[in-house]
Amino acid sequence: MTVRTRFAPSPTGFLHIGGVRTALFNWLLARHFGGQFLLRIDDTDQERHVEDAVKGILDGFRWIGIDWDEGPDVGGPNGPYYQSQRTANYQAAVRRLIDSGHVYRDYSTEAERAVEKAAAERAKRAYRFRRLALSPEELARNESEGRPYALRFQVPLGRTLVVHDLIKGDITFSTDDIGDFVVVRPDGSPLYNFASVVDDLAMGITHVVRAEEHLSNTFPQLLVFEALGSALPAFAHVPYVAEPGSKAKMSKRKIQQYEDQGVLVYLHQYIERGYLPDALLNYLARLGWSYDATQEIFSRAELIEKFTLERVTSSPASHDQDKLFWIEGEWMKVLPLERKIAGVLPYLKSEGLVAEPVTDADRAKIEAVILALGDRLKVFSDILKLGRFFFTKEVVHDPDAVKRRLRKDTVPAMLAALDAVLAEVEPYDLATLEKVIHAYAERSGRKMGDVVNPLRVATTGQGVGPGLYDCLFILGRETCRTRIAQTLDMLKAEPTTA
RNA sequence: GGCCCCGUCGUCUAGCCUGGCUCAGGACACAUGCCUUUCACGCAUGCAACACGGGUUCGAAUCCCGUCGGGGUCACCA
């Protein structure tokens with residue numbers, strides 16, 4: 001039997017990293033065993049449907065490289081892959097449940113149930129719907145009046161259910177703790193616990209790997225599988241992703257708070273920052289899963305080869321952006337130069353830092369900048385933070401750097417002398433630049449640091465960055481001299497007080 | 001509140017099933033030092049955990065019980 005897994009998002013918004021991780025585990029499991037991974041859109045609740053959410057979800061998976069064998073866009077033999085388009089399947093299944101007496105009509109109103117729920121809440125009791133005893137007359141009247149009804153599953157009392165969860169182990173649950181759940185709404189639309197079972201059956205899903213919050217849903221679903229007379233798939237419940245530095249589950253209500261702390265929770269935010277798909281994939285796989293005591297970096301192929309559910313942790317893992325950032329750095333280090341150029345380009349374009357279409361000269365310059373930046377470039381958007389000054393005309397001084405490196409009486413005269421050196425150096429290349437600046441330091445009896453650092457701030461505006469000679473060379477003689485002049489003017493306008 | 005799941009350094013985790021090899025290993029982060037032209041990289045060193053309490057045992061992070069803590073669920077959401 002080939003392994004078939006699925007990820008079934010509801011199109012209610014953006015894909016968050018916890019969801020991506022769950023999908024990843026499904027995908028990895030299927031790929032590891034050479035099976036199939038399917039995508040299904042669980043959109044039975046049209047009220048919560050968000051326009052374009054599906055597109056965002058699919059694009060997200062495409063970006064990170066999680067491909068699906070069946071599902072939206074690619075189709076497949078078990079379609080359609082939107083629950084909203086599978087009503088015939090649900091109707092047929094409901095028919096069988098009605099015929100076998102597993103479901104009954106519930107004419108209760110929302111107001112009536114609200115009263116019950118409130119009472120249960122007050123009594124600190126779990127709310128469980130049980131079949132209302134209606135007299136034959138009431139039943140007949142309801143029917144003749146055409147009152148709307150939902151179809152509920154008649155839960156058998158006094159049974160103990162056991163599920164052999166591949167991550168959590170054996171879990172037992174009493175049917176006494178399951179209320180009669182709604183299977184079909186009065187308007188005929190099916191609910192999750194029912195639709196998902198019907199679909200998993202129809203689609204031949206062998207392993208249901210999903211988020212931990214579905215653990216208690218498993219038991220009503222077990223009853224539906226049974227009522228339909230089907231064998232059970234294997235279940236695996238993946239622990240939730242907790243907020244950084246805590247064991248509390250990430251909450252959609254706290255998104256703003258996370259953002260204020262610089263924590264990104266949605267996939268698209270990482271894409272926008274210029275993270276690498278391989279790095280995020282690597283990080284997400286390691287969040288709650290390990291192969292052995294030491295390995296941290298895994299390629300896609302290695303993940304597929306080594307992933308098993310047995311090694312998924314049964315306790316929650318909190319999102320650690322620092323670790324992700326480190327893994328990102330490891331992957332960026334080995335990314336081919338061409339890919340780095342391509343990755344950085346959109347950011348430069350969007351800020352108008354390079355002309356469009358990109359000229360050969362710009363391309364060569366970007367290449368030189370990336371080489372000079374080296375390991376400092378971790379995510380593609382860093383090009384703006386770290387390399388902006390290479391592409392602007394004017395220099396913008398960082399106040400802290402100015403204070404630290406330029407606010408000394410001796411600096412203006414030195415910069416003037418250095419300007420003269422730059423004016424004459426020939427040829428204007430890396431090796432010669434290094435030679436003449438060394439010579440200047442020696443001649444003036446200064447330490448290299450006292451020459452290099454002020455010159456860096458004067459020409460780049462920054463206190464930190466690539467090697468100075470790289471900067472001087474890429475910037476070019478004219479730009480460097482103009483910027484030194486600009487710096488001198490600034491220092492004159494705001495003389496050193498110390 | 002009922003039911004269910006979970007509990008090893010700040011974080012991700014190894015070890016737990018099959019007690020001794022572990023006064024608990026690796027990684028991120030942090031600190032210090034080296035390298036050095038700043039930063040990043042790299043290298044070295046350091047800091048730091050078995051939630052708590054009982055029990056079983058010659059011996060427990062590992063087995064059992066209890067307590068506490070965290071989470072999920074109790075929808076005509078998924």
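Please read all numbers here as calculations on a predicted model, not as lab measurements. Below, chains carry the letters A, B, ... as their sequence lines are ordered, and counting in each starts from 1.
Rounded to whole Å, the separation between the P atoms of B:U73 and B:C58 comes to 46 Å. Comparing the P positions of B:U11 and B:C52 gives an interatomic distance of 15 Å, to the nearest angstrom. Taking the C1' atom of each, B:G20 and B:U67 are spaced 29 Å apart, rounded to whole Å. B:A61 and B:U13 have their C1' atoms separated by 14 Å, with the value rounded to a whole Å. Between B:G72 and B:C16, the two P atoms lie 30 Å apart (nearest whole Å). Nucleotides B:C41 and B:C34 are separated by 14 Å at their C1' atoms, to the nearest Å.
Counting distance only, with no hydrogens placed and no angle test, the side-chain atoms of A:Asn193 and the base atoms of B:A78 include no donor-acceptor pair under 3.5 Å. For A:Arg456 against B:U37, a side-chain N or O and a base N or O form a donor-acceptor pair under 3.5 Å. Put simply, the side chain of A:Glu296 and the base of B:G26 share a donor and an acceptor less than 3.5 Å apart.
A:His319 comes within contact range of no nucleotide atom at all, as no heavy-atom separation falls under 4.0 Å. Using a 4.0 Å heavy-atom cutoff across all strands shown, A:Arg405 reaches sugar-phosphate atoms only and no base atom. Within the 4.0 angstrom heavy-atom criterion, base atoms lie near A:Leu468. Backbone-only engagement by A:Tyr240 is indicated by non-hydrogen atom pairs under 4.0 Å involving sugar-phosphate atoms exclusively. Contact annotation for A:Gly179: no contact, since no heavy-atom pair falls under 4.0 Å across all strands. At the heavy-atom level, A:Asp43 lies nowhere under 4.0 Å from the strands shown. A:Pro244 comes within 4.0 angstrom of no nucleic acid atom, judged by non-hydrogen atoms across all strands. A:Lys447 comes within 4.0 angstrom of no nucleic acid atom, judged by non-hydrogen atoms across all strands.
For the pair A:Asp292/A:Arg311, no side-chain contact is recorded, criterion being any heavy-atom separation below 4.5 Å from C-beta on. Under the 4.5 Å side-chain criterion, counting only non-hydrogen atoms from C-beta, A:Tyr283 is not in contact with A:Gln321. In this structure the side chain of A:Leu97 never reaches within 4.5 angstrom of the side chain of A:Leu151, judged on heavy atoms. Side chains of A:Phe325 and A:Tyr275 form a contact here, defined as non-hydrogen atoms less than 4.5 Å apart. Using a 4.5 Å heavy-atom cutoff, the side chains of A:Leu215 and A:Asp165 are in contact.
Nearest-nucleotide positions on RNA chain B for A:Pro9 and A:Thr172 put A:Thr172 closer to the 5' end. Along RNA chain B, the nucleotide closest to A:Ala150 and the one closest to A:Lys249 are compared, and the more 5′ of them pairs with A:Lys249.
For the pair A:Ser216 and B:C74, the criterion of a side-chain N or O lying under 4.0 Å from OP1 or OP2 is not met. Neither OP1 nor OP2 of B:U11 sits under 4.0 Å from any side-chain N or O of A:Lys247. Close to B:U13, at under 4.0 Å from its OP1 or OP2, lies a side-chain N or O of A:Thr313. An OP1 or OP2 oxygen of B:C74 is reached within less than 4.0 angstrom by no side-chain nitrogen or oxygen of A:Arg125. Between A:Lys117 and B:C76 there is a side-chain N or O to OP1 or OP2 distance below 4.0 Å. At B:C77, one or more side-chain N or O atoms of A:Arg185 fall inside 4.0 Å of OP1 or OP2 (strictly under the cut-off).
Summarising the base pairing, B:U22 is matched to no nucleotide, lacking a Watson-Crick or G-U wobble pair whose two defining distances lie under 3.5 Å. Remark: B:G2 base-pairs with B:U73; criterion is Watson-Crick or G-U wobble with both hydrogen-bond distances under 3.5 Å. Of the nucleotides present, B:A27 is the one that pairs with B:U11 by Watson-Crick or G-U wobble criteria, both distances under 3.5 Å. Under the Watson-Crick or G-U wobble criterion, with both distances below 3.5 Å, B:A44 is paired with B:U32. With a cut-off of 3.5 Å on both pairing distances, B:C39 has no Watson-Crick or G-U wobble partner at all. Under the Watson-Crick and G-U wobble criteria, each requiring two contacts below 3.5 Å, nucleotide B:G59 is left unpaired.
Atoms CG (A:Leu215) and C1' (B:G70) sit 16 Å apart, rounded to a whole Å. Atom pair A:Gln295:CD and B:U13:C1' shows a separation of 13 Å (rounding to whole Å applied). Rounded to whole angstrom, the span from the CZ atom of A:Arg311 across to the C1' atom of B:U13 amounts to 10 Å. Straight-line distance from the CG atom of A:Leu455 to the P atom of B:U38: 14 Å, rounded to whole Å. Separating the NZ atom of A:Lys168 from the P atom of B:C16 is a distance of 19 Å, rounded to the nearest angstrom. Here B:U13 presents its P atom at 10 Å from CG of A:Asp320, a figure rounded to the nearest Å. Atoms CZ (A:Arg128) and P (B:U73) sit 15 Å apart, rounded to a whole Å. Note: OH (A:Tyr192) to P (B:C77) measures 14 Å, nearest angstrom.
The listed nucleotides are B:G1, B:C12, B:C76; the one nearest the side chain of A:Ala317 is B:C12.
The aromatic rings of A:Phe473 and A:Tyr428 lie parallel to each other, with less than 30° between the two planes, well short of the 60° mark.
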Exercise. Check the pair A:Asp52 / A:Lys55 against salt bridge (charged side-chain N to carboxylate O under 4.0 Å, His left out), numbers first and verdict last.
Key: CA-CA 5 Å; A:Asp52 285 344; A:Lys55 186 184 185 306; over 6 Å; no
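For the ring-ring contact (aromatic ring centres under 6.0 Å, His included) with A:Phe181, the lone residue among A:Phe194, A:Phe153, A:Phe129 that qualifies is A:Phe153.
No donor-acceptor pair closer than 3.5 Å links the side chain of A:Asp42 to the backbone N or O of A:Ser10.
For the pair A:Arg131 and A:Tyr104, the cation-pi test (distance below 6.0 Å, angle within 45°) is passed.
At a non-hydrogen distance threshold of 4.0 Å, A:Asp375, A:Arg376, A:Lys378 from residues 373-386 of chain A come into contact with RNA chain B.
Using a 4.0 Å cut-off between charged nitrogen and carboxylate oxygen, A:Glu296 and A:Arg286 count as a salt-bridge pair.
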